[in-house]
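Just follow the structure's listing: the first ligand is 1, and inside any ligand the first atom is 1.
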Amino acid sequence: MIYILDTADLGAIKHCNEFYPLAGVTTNPSIIAKAKTDFWPLVESIRAIIGPDKMLHVQTTREKAEDIVEEAKLLQERLGGEFYVKIPIGEEGLKATMMLKKLGIGVTMTAIFTPTQALMAAMAGASFVAPYVNRLDNIIGDGCEVVAQIVDQLSLYGSDCKVLAASFKNAEQVHKCASVGCHSVTVTDDILKALISHPMTDAAVAGFNKDWTGVYGEKTILDF
Ligand code: G3P
């Protein structure tokens with residue numbers, strides 16, 4: 001499983017980059033706008049925190065294929081490293097994906113809600129497809145079932161394209177996607193934390209500490 005952080009909150013990125021096996025950061029125009037700050041200093045700060053070897057996915061704001069390509073080239077040039085431009089699925093987006101494939105710029109095709117969209121994106125050359133799990137669940141679609149169908153179809157057609165499931169609201173959705181072989185997920189820092197938290201774990205650790213300090217006080221192994 002590839003874990004990616006879906007935020008432009010620099011504090012959250014610093015924290016998660018230190019404490020979790022993070023493969024990178026994704027953003028979208030809504031996430032960037034939430035930071036209410038200048039675009040370039042923000043995305044360059046994200047790159048500086050995660051370094052060149054981790055993935056940074058930044059979404060285009062343009063609609064015509066040629067404009068998307070122009071923006072992607074600039075983003076790649078300024079952000080460098082493992083960079084992917086996020087492009088919403090659509091005719092112009094597919095055209096841009098095919099053009100970017102020739103230029104060697106990675107594409108994450110986003111705003112995916114069906115397996116047919118995902119398969120087309122993969123055939124156009126996208127490196128990742130990003131289905132929106134919680135937004136599907138919100139309209140009584142089954143987000144994880146859609147992810148499962150996409151995983152199966154990409155495998156059936158021998159595609160290298162990976163599923164980057166997005167739009168999660170809880171750990172259970174992530175678990176269900178992991179269970180069907182979803183290659184990667186992009187989640188908030190809260191969900192990363194929820195994925196490793198359990199009250200029984202807290203109780204177990206409290207018990208270990210109590211038993212140890214009851215006999216050895218504040219001593220640690222280094223003190224013996
Ligand atoms: O970046 C795409 C996705 O993660 C959006 O999530 O919470 O706006 O549905 P959300």
Taking Asp223 for the side chain and Thr220 for the main chain, is one N or O donor matched with an acceptor at less than 3.5 Å?
yes

May I have every N or O pair linking ligand 1 to the protein at under 3.5 Å, one per line with atom names and distance?
{"residue": "ligand 1", "atom": "1 (O)", "partner": "Asn28", "partner atom": "ND2", "Å": "2.8"}
{"residue": "ligand 1", "atom": "1 (O)", "partner": "Lys86", "partner atom": "NZ", "Å": "3.3"}
{"residue": "ligand 1", "atom": "4 (O)", "partner": "Asp6", "partner atom": "OD2", "Å": "2.4"}
{"residue": "ligand 1", "atom": "4 (O)", "partner": "Ser167", "partner atom": "N", "Å": "3.2"}
{"residue": "ligand 1", "atom": "7 (O)", "partner": "Lys169", "partner atom": "NZ", "Å": "2.8"}
{"residue": "ligand 1", "atom": "8 (O)", "partner": "Arg135", "partner atom": "NH2", "Å": "2.6"}
{"residue": "ligand 1", "atom": "9 (O)", "partner": "Arg135", "partner atom": "NE", "Å": "2.7"}
{"residue": "ligand 1", "atom": "9 (O)", "partner": "Arg135", "partner atom": "NH2", "Å": "3.4"}
{"residue": "ligand 1", "atom": "9 (O)", "partner": "Ser167", "partner atom": "OG", "Å": "2.7"}

My understanding is that only residues two or more places apart in sequence, or in another chain, count here; which of them pass ring-ring contact (aromatic ring centres under 6.0 Å, His included) with Phe168?
none

Pairs touching residues 178-193 that satisfy side chain to side chain donor-acceptor pair (under 3.5 Å), sequence neighbours left out
Thr26-Thr186

Any donor-acceptor N/O pair, Lys86 side chain to Thr27 backbone, under 3.5 Å:
yes

By ring-ring contact (aromatic ring centres under 6.0 Å, His included) - contacts of Phe113 (at least two apart):
Tyr132

Backbone N or O of Pro41 within a donor-acceptor pair of the Asp38 side chain at under 3.5 Å?
no

